[in-house]
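Excluded from the calculations below are hydrogen atoms, water molecules and symmetry mates; all remaining heavy atoms, backbone and side chain alike, are included.
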Amino acid sequence: MVRRPALLIGLCLLSAPALSNEPAATAATPTRALASAPAPRAMDRAALEKAIAGTVVAALSERFGGRAIEAKFDDVQAQPLDAQQRLIRGEGGMRFAGETGWIGFRFTSRYDDFLGQAGWPELELGVGGEGRLIPNDGIALQQLEDRMADTLQRELGMTSVRMQLDRVETVEMAAHYLGMEARGLADFGRDGSTEVRVHALYDRRDGAWLQMDYQLGPEDAGKPQLTASSR
């Protein structure tokens, strides 16, 4: 991994393809000729950032309804997957136009050397970066439990859901954003109960949930499911 000062990218106007909600195209199944091709050549830090910056910034903006954002990249690493694809992971910070503080994020994306483009990334917001651990906000935590209960009732068709989030960490970022990591139990009454993990981003200034991801069941059961959250 090569380190150098973080790259700052601003998003004000993107072309139509960049703002599309459709994932970037992925490569066709490798043929025998491609399978015998040499492994992807090493990419330095600048090349890694250039390869993924556009799709990561577009995905961040899309998460917030197309709002203009700026993004900077810190750690970026690549791992070859096969003869033409590599997995790129990294972290950085994003901020909305006109704001000064940064909201940390992590991303994972696949880069196709044959096509020369990155796929639509998976994002985790409100983590890392310049945040500081603070005591849990009781009001925000209660709102999180209520919102999760309503979400599960709606998405799973349950008549009653009670949430008990008892392992919670809250990180404050950019003065008024809270990144909340919580674990606990979702109780479905006669239908039983299950473990739940929640990751949420809360704007304390506007009283708005900007993002909420959750996973039900054992921790290794699958990836978090995204619930729609908007300002």
Side-chain angles (χ1 to χ4, degrees), residues 1-11 14-64 69-95 102-131 171 173 179 181 197 199 201 211 213-215 217-226:
M1 179 178 66
V2 180
R3 293 178 177 270
R4 65 178 178 82
L7 173 67
L8 178 64
I9 296 179
L11 172 64
L14 289 176
S15 61
L19 280 179
S20 171
N21 289 331
E22 295 296 328
T26 56
T29 303
T31 63
R32 290 185 179 179
L34 288 174
S36 62
R41 67 184 186 280
M43 298 173 73
D44 62 17
R45 168 63 183 270
L48 285 174
E49 289 181 352
K50 183 177 179 181
I52 52 83
T55 55
V56 170
V57 172
L60 287 167
S61 177
E62 189 266 346
R63 281 285 185 99
F64 298 103
I69 68 162
E70 294 176 332
K72 62 178 181 178
F73 293 89
D74 299 323
D75 293 335
V76 183
Q77 303 178 45
Q79 172 188 347
L81 294 175
D82 53 37
Q84 73 179 70
Q85 293 191 81
R86 69 186 83 214
L87 186 69
I88 300 180
R89 303 177 186 271
E91 62 181 49
M94 60 150 283
R95 64 185 179 190
W102 297 92
I103 300 171
F105 70 87
R106 297 191 184 107
F107 72 90
T108 303
S109 178
R110 289 189 178 219
Y111 182 78
D112 192 300
D113 287 88
F114 182 71
L115 296 177
Q117 66 183 25
W120 203 246
E122 295 180 2
L123 297 170
E124 187 178 4
L125 304 176
V127 295
E130 302 170 3
V171 176
M173 296 159 289
E181 294 275 0
R197 284 161 302 287
H199 175 77
L201 179 62
Q211 200 67 58
D213 301 323
Y214 70 88
Q215 181 182 337
E219 190 164 357
D220 59 354
K223 294 184 178 296
Q225 301 175 29
L226 175 64

**Request:** Look up atom CD in Glu49 and atom CG in Asp74, then write down how far apart they are to the nearest 0.5 Å.
**Result:** 9.0 Å
**Fill in**
What one should report as the nearest heavy-atom pair of Val57 and Ala71 is CG2-CB, 3.9 Å
**Message:** Please find the pair of heavy atoms, one from Arg89 and one from Leu87, that lie closest to each other, and give the distance.
**Reply:** NH2-CD2, 3.2 Å
**Request:** Mind listing the closest non-hydrogen atom pair of Ser109 and Gly119 along with its distance?
**Result:** OG-O, 2.9 Å
**Heavy-atom check, side chain of Trp120 versus side chain of Glu62, under 4.5 Å** = yes
**Request:** May I ask you to test the Arg63-Leu123 pair for a side-chain heavy-atom distance under 4.5 Å?
**Result:** yes
**Request:** Keeping the roles fixed (side chain from Thr55, backbone from Ile52), state whether a donor-acceptor pair exists under 3.5 Å.
**Result:** yes
**Item:** Distance, nearest 0.5 Å, that separates CZ of Phe73 from CD of Glu91
**Value:** 11.5 Å
**Complete:** dist Phe64:CZ -> Leu125:CG (nearest 0.5 Å) comes out at 5.0 Å
**Message:** Rounded at 0.5 Å granularity, tell me how far CZ in Phe105 sits from CD1 in Ile69.
**Reply:** 7.5 Å
**Request:** Please report the closest heavy-atom contact between Ala118 and Ala51, naming both atoms and the distance.
**Result:** CB-O, 3.6 Å
**Prompt:** What distance separates Glu70 CD from Lys72 NZ, expressed to the nearest 0.5 Å?
**Reply:** 10.5 Å
**Prompt:** Taking only residues two or more places apart in sequence or in another chain, which ones pass side chain to side chain contact (heavy atoms under 4.5 Å, CB included) with Val171?
**Reply:** Leu133, Met173
**Message:** Checking Arg110 now: which residues fulfil salt bridge (charged side-chain N to carboxylate O under 4.0 Å, His left out) with it, not counting sequence neighbours?
**Reply:** none
**Request:** Hey, could you give me the CD1/CE distance between Ile103 and Met94, rounded to the nearest 0.5 Å?
**Result:** 4.5 Å
**Prompt:** Is there a donor in the side chain of Asp112 and an acceptor in the side chain of Gln84, or the other way round, less than 3.5 Å apart?
**Reply:** yes
**Nearest atoms (heavy-atom pairs only) where Ala78 meets Ile88** = CB-CG1, 4.2 Å
